Amino acid sequence: MSWRHALWLTALLVSGTAAAAEPPPPPKDSPPPTPQRAPAPRGTAPELSEEDKEVVENLELLESLETVEDLDLLLELDKEE
């Protein structure tokens with residue numbers, strides 16, 4: 001490789017690095033940012049209806065069943081080894 005090629009590659013790398021370090025300009029027609037609503041405090045959760053409570057309970061049961069099935073599978077794999 002000649003010194004000209006090396007100089008050209010160095011200039012190319014430096015310009016690419018400088019361009020990557022610059023933040024992109026903001027779009028000209030962007031709408032103003034919308035304010036985010038603050039999340040509700042944890043202690044003020046709305047009261048669940050009986051149906052909602054049943055759904056939550058069923059989801060928790062399904063999650064625990066999946067965990068038990070995963071554990072059973074791991075135990076079976078451990079026995080095979």
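Since the model is a prediction, treat every value here as computed from it, not as a measurement.
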Worksheet item: Just how far is it from atom CD of E47 to atom CG of D52, taken to the nearest 0.5 Å?
Response: 10.0 Å
Practice prompt. Using distance alone, with no hydrogens and no angle criterion, decide if D70 and T67 have a side-chain donor and acceptor under 3.5 Å apart.
Written response: no
Worksheet, complete the sentence: dist N58:CG -> K53:NZ (nearest 0.5 Å) comes out at 14.5 Å
Discussion item. How long is the straight-line distance from CD of E60 back to CG of L65, given to the nearest 0.5 Å?
Written reply: 12.0 Å
Worksheet item: Atom CG in L71, atom CG in D78: separation rounded to 0.5 Å?
Response: 12.0 Å
